[in-house]
Student: 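First the structure, which I've put down as structure tokens, then a few questions once you've had a look.
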Amino acid sequence: YLAQHLPKRFAQALNDVHGWAGPLQGYKNSDIEQVARALDQWTIKPAGTEGYRTAEVTLGGVDTRQLSSKTMAVLDKPDLYFIGEVVDVTGHLGGHNFQWAWASGVAAGSDA
Ligand SMILES: Cc1cc2nc3c(=O)[nH]c(=O)nc-3n(C[C@H](O)[C@H](O)[C@H](O)COP(=O)(O)OP(=O)(O)OC[C@H]3O[C@@H](n4cnc5c(N)ncnc54)[C@H](O)[C@@H]3O)c2cc1C
């Protein structure tokens with residue numbers, strides 16, 4: 001049944017991991033509910049990363065508490081600005097880092 005909705009090898013791997021075996025007709029309602037719960041609550045824990053070679057964004061950087069959130073200027077050095085990747089702001093992939101770089105750049109550029 002799972003293989004009708006998921007790639008065959010993936011469905012087989014799920015069966016193997018959970019010890020599900022035999023045709024669906026042999027399952028009681030409570031078994032099916034258990035299978036449904038296992039599928040619904042399935043979580044993935046990555047084993048690692050590909051490292052810096054394929055990294056797209058960095059954690060860490062200039063502490064935002066030292067910067068004006070309106071102008072990106074350093075609070076006690078108003079002629080010094082930090083924007084974008086160098087600041088300790090990290091977005092999920094999907095354009096948020098570009099958006100941050102551009103928006104913080106405009107804020108700083110408008111003030112400078
Ligand atoms: C492979 C890859 C894919 C990515 N894909 C996405 C994505 O799809 N969406 C998204 O939102 N973000 C993505 N990012 C992240 C995004 O590119 C960065 O967050 C963003 O470009 C940061 O902009 P920035 O201007 O702060 O820094 P940067 O773009 O790194 O610009 C810094 C500039 O400073 C220059 N520079 C460095 N040192 C000196 C120096 N001493 N003197 C003069 N110039 C110097 C550098 O050459 C560089 O041009 C990706 C990043 C990578 C690496």
Side-chain angles (χ1 to χ4, degrees):
Y1 178 77
L2 285 179
Q4 290 172 27
H5 300 277
L6 300 169
K8 266 203 180 84
R9 285 196 306 155
F10 181 53
Q12 188 57 54
L14 277 173
N15 281 355
D16 295 345
V17 165
H18 291 283
W20 299 328
L24 202 54
Q25 291 91 323
Y27 279 63
K28 292 186 291 204
N29 279 350
S30 57
D31 296 333
I32 292 174
E33 277 164 18
Q34 219 175 354
V35 171
R37 241 191 328 273
L39 291 173
D40 190 47
Q41 294 172 0
W42 186 50
T43 54
I44 298 176
K45 191 170 176 206
T49 72
E50 292 184 36
Y52 204 67
R53 186 182 59 84
T54 54
E56 294 193 9
V57 69
T58 54
L59 291 175
V62 175
D63 191 334
T64 53
R65 286 170 298 193
Q66 306 302 319
L67 304 176
S68 157
S69 59
K70 289 205 173 95
T71 66
M72 305 310 297
V74 176
L75 292 177
D76 56 3
K77 287 216 183 322
D79 291 338
L80 180 60
Y81 298 82
F82 289 100
I83 61 154
E85 191 66 66
V86 80
V87 182
D88 188 8
V89 170
T90 309
H92 286 289
L93 295 189
H96 302 93
N97 296 293
F98 281 141
Q99 169 60 30
W100 164 246
W102 295 325
S104 56
V106 167
S110 304
D111 189 66

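Counting convention: from 1, in listed order, for ligands and their atoms alike. What's counted below: heavy atoms across the whole structure, side chains too, no hydrogens, waters or symmetry copies. No experiment lies behind these values; they were computed from the predicted model shown.
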Student: Does Ser104 reach ligand 1, in the sense of a heavy atom lying below 4.0 Å from it?
Tutor: no
Student: Would you name the heavy atoms of Thr64 and Asp88 that are closest together and state the gap between them?
Tutor: CG2-O, 3.9 Å
Student: Using the side chain to side chain contact (heavy atoms under 4.5 Å, CB included) definition, which of the options Asp111, Val87, Val74 pairs with Tyr81?
Tutor: Asp111
Student: Polar contacts were defined as any N/O atom of the residue lying under 3.5 Å from an N/O atom of the ligand; does this apply to Gln99 and ligand 1?
Tutor: no
Student: When the ring planes of Trp102 and Phe98 are compared, do they come out parallel, tilted or perpendicular, using 30° and 60° as the limits?
Tutor: parallel
Student: Give a yes or no on whether atom 50 (C) of ligand 1 lies under 4.0 Å from any heavy atom of the protein.
Tutor: yes
Student: For residues Asp16 and Gln12, is any side-chain donor paired with an opposing acceptor at under 3.5 Å?
Tutor: yes
Student: Quiz question for you: does at least one protein heavy atom lie closer than 4.0 Å to atom 34 (O) of ligand 1?
Tutor: no
Student: Are there protein heavy-atom neighbours of atom 4 (C) of ligand 1 below 4.0 Å?
Tutor: yes
Student: Specify the closest pair of heavy atoms between Glu85 and Val57, including all atoms of both residues, with the distance to one decimal.
Tutor: OE2-CG2, 3.6 Å
Student: With a 3.5 Å distance limit and no angle check, can you tell me whether Ser68 reaches the backbone of Ala73 through a side-chain donor-acceptor pair?
Tutor: no
Student: Are any of the protein's heavy atoms under 4.0 angstrom from atom 46 (C) of ligand 1, yes or no?
Tutor: no
Student: With a 4.0 Å cut-off, strictly under, does atom 7 (C) of ligand 1 pick up any protein heavy atom?
Tutor: yes
Student: Kindly identify the option in Glu85, His96, His92, Arg53 whose heavy atom sits closest to atom 24 (P) of ligand 1.
Tutor: Glu85
Student: Heavy-atom distance from atom 43 (C) of ligand 1 to the protein below 4.0 Å?
Tutor: no
Student: Which heavy atom of the protein is the closest neighbour of atom 23 (O) of ligand 1, given with residue, atom name and distance?
Tutor: Ala101 CB, 3.5 Å
Student: Considering non-hydrogen atoms only, spot the tightest contact between His96 and Gly91 and give its length.
Tutor: CB-CA, 4.1 Å
Student: Run the side-chain contact (heavy atoms from CB on, under 4.5 Å) test on Met72 and Leu67 for me, step by step, so that the C-alpha distance in whole Å, both residues' side-chain angles and the decisive distance to 0.1 Å come before the verdict.
Tutor: CA-CA 5 Å; Met72 305 310 297; Leu67 304 176; 4.0 Å; yes
Student: Nearest protein heavy atom to atom 37 (C) of ligand 1: under 4.0 Å?
Tutor: no
Student: Of all heavy-atom pairs between Leu75 and Arg65, which one has the smallest distance, and what is that distance?
Tutor: CD1-O, 3.4 Å
Student: Out of all atoms in ligand 1, which are within 4.0 Å of some heavy atom of Gly95? Include the element for each.
Tutor: 9 (N), 10 (C), 11 (O)
Student: Should Phe98 be counted as touching ligand 1, given the test is an N or O pair under 3.5 Å?
Tutor: yes
Student: In the protein, which heavy atom is nearest to atom 1 (C) of ligand 1, and how far is it?
Tutor: Glu56 CG, 4.0 Å
Student: Which heavy atom of Thr90 sits nearest to which heavy atom of Thr58, and what is that distance?
Tutor: OG1-O, 3.4 Å
Student: Within the structure, does at least one protein heavy atom fall under 4.0 Å of atom 30 (O) of ligand 1?
Tutor: no
Student: In terms of atom number and element, which parts of ligand 1 are under 4.0 angstrom from non-hydrogen atoms of Gly84?
Tutor: 26 (O)
Student: For atom 12 (N) of ligand 1, what's the nearest protein heavy atom and its distance?
Tutor: Asn97 CB, 3.6 Å
Student: When you measure from atom 53 (C) of ligand 1 to every protein heavy atom, which one gives the shortest distance, and what is it?
Tutor: Ala55 O, 3.6 Å
Student: Could you give the distance from CG (Leu39) to CH2 (Trp20), rounded to the nearest 0.5 Å?
Tutor: 4.0 Å
